[in-house]
Amino acid sequence: MVLANDLQKPARTRSAHDLVAHGIGQNIMRGRFPVGSILPGDAELMELFGVSRTALREALKTLAAKGLIESKTKVGTKVLDRNNWNMFDADILEWHLELGVDAKFLGWLFEIRQTLEPFACATAALRRSLKQLEHMRSALQAMYGCATNRQGFTKADLAFHQAILEASGNPFLQSIGSVIGAALATSFTISSPVSSDDSFRKVMEQHQSVFDAIERQAPLAASQAMSALIMQAAERIRIKHGQDALTCIETHAFSSD
């Protein structure tokens, strides 16, 4: 069993429930609560975080729902293997990013983006409403206005990608916004496209190509433009990839309004 007095306690800037969930979550990510280990008892955790039993219990329920832990009678609360963790969860992504990520983790983010976003663009091209198109246009224009503002550019870029996911009309695609946000934020922290005029121009050309294809309702072109955009982003932060596509799968939009 891990001893609580050796663990990192986060600053109290959150609610009691969030404080405990964040603290235990980060200590799991750091390996201070190793996979397969049993968490300290309630009394130790309550003392460590300075919270009530109610707040602790709610935090443990939250972490269990994210797949990080599992409580068993007469055994205690066990830290589960990574393959049980909900990697689409915004908190889990945030905790990973707070601790720093390596090339492998970034590669995983880009792989899932490459798998899902081009298809989201294709379905958005087929289903987008005029109002949704205007949301994309507004975000794109905001990006053009942030040539030297990294924070503003990131916010506008995320809004652009989320508008595309929303326009896809697929609730499963819409739910991956936290993954896209994490990938974008990390990418820009490492190498922002506003760091040079040439980089900014290339990024905006690719985003414009995505928008133009969605606007004219050309699903194949929209998909290809997004795929190229993601590849360029990966290259900008020096994420290695194969020279050729792993596979080419024919996809179809099955659902309809």
Side-chain angles (χ1 to χ4, degrees), residues 1-4 6-11 13-46 48-49 51-117 119-120 158 161-162 165 168 170-187 189 239:
M1 178 183 292
V2 179
L3 297 178
D6 293 328
L7 301 173
Q8 177 175 342
K9 177 181 177 180
T13 57
R14 308 164 185 263
S15 68
H17 163 264
D18 287 341
L19 177 79
V20 180
H22 181 269
I24 295 176
Q26 271 214 336
N27 280 304
I28 290 174
M29 302 295 172
R30 290 179 183 273
R32 291 172 175 167
F33 288 142
V35 168
S37 69
I38 302 299
L39 295 185
D42 288 1
E44 289 182 83
L45 291 174
M46 289 163 58
L48 173 67
F49 295 106
V51 297
S52 67
R53 187 177 299 275
T54 298
L56 174 61
R57 288 298 183 184
E58 287 301 313
L60 293 177
K61 288 180 182 178
T62 296
L63 294 171
K66 298 177 186 298
L68 292 173
I69 61 175
E70 180 182 50
S71 296
K72 290 186 177 181
T73 305
K74 298 182 180 181
V75 174
T77 302
K78 182 180 179 181
V79 179
L80 298 178
D81 292 332
R82 182 192 287 270
N83 59 7
N84 292 288
W85 301 358
N86 177 11
M87 297 302 293
F88 286 95
D89 183 85
D91 285 334
I92 289 180
L93 285 168
E94 178 187 348
W95 297 335
H96 270 295
L97 300 180
E98 285 176 353
L99 300 176
V101 294
D102 56 17
K104 178 179 287 188
F105 187 86
L106 285 173
W108 292 337
L109 282 176
F110 275 92
E111 283 178 355
I112 200 65
R113 287 190 66 192
Q114 187 73 60
T115 301
L116 298 177
E117 280 196 270
F119 184 68
L158 180 56
H161 286 265
Q162 289 178 329
L165 294 173
S168 74
N170 186 314
F172 292 99
L173 290 173
Q174 291 164 351
S175 71
I176 69 169
S178 60
V179 176
I180 308 308
L184 290 176
T186 305
S187 299
T189 297
I239 296 297

Quick one: closest heavy-atom pair of [X] and [Y], and the distance?
X    : Y    : answer
R113 : H161 : NH2-CE1, 3.4 Å
S168 : Q174 : OG-CG, 4.3 Å
L116 : L173 : O-CD2, 4.0 Å
A55  : A16  : CB-CB, 3.9 Å
P40  : F33  : CD-CE2, 3.3 Å

Legend entry - Qualifying residues under ring-ring contact (aromatic ring centres under 6.0 Å, His included), relative to F88, sequence neighbours excluded: none
Legend entry - Any residue meeting ring-ring contact (aromatic ring centres under 6.0 Å, His included) with H17, in chain and number order, not counting sequence neighbours: none
With sequence neighbours excluded, residues passing side chain to side chain contact (heavy atoms under 4.5 Å, CB included) with [X]:
X    : answer
R82  : W85, M87, H96, W108
S175 : none
N84  : L80, D81

With the side chain counted from C-beta on, respond yes when [X] and [Y] share a heavy-atom pair under 4.5 Å apart, and no when they do not.
X   : Y    : answer
I24 : L68  : no
D91 : D18  : no
L93 : F105 : yes
V79 : L39  : yes
V20 : L45  : no
L56 : F49  : no

Inset, instruction - Take I176 and I112, measure what side chain to side chain contact (heavy atoms under 4.5 Å, CB included) needs, and give me the verdict at the end. - result: CA-CA 10 Å; I176 69 169; I112 200 65; over 6 Å; no
Looking at [atom1] of [X] and [atom2] of [Y], how far apart are the two atoms once the value is rounded to the nearest 0.5 Å?
X   : Y   : atom1 : atom2 : result
D89 : K66 : CG    : NZ    : 3.0 Å
T77 : L63 : OG1   : CG    : 9.5 Å
H22 : N27 : NE2   : CG    : 10.0 Å

Inset, instruction - Tell me, please, which residues at least two apart from K61 pass salt bridge (charged side-chain N to carboxylate O under 4.0 Å, His left out). - result: E58
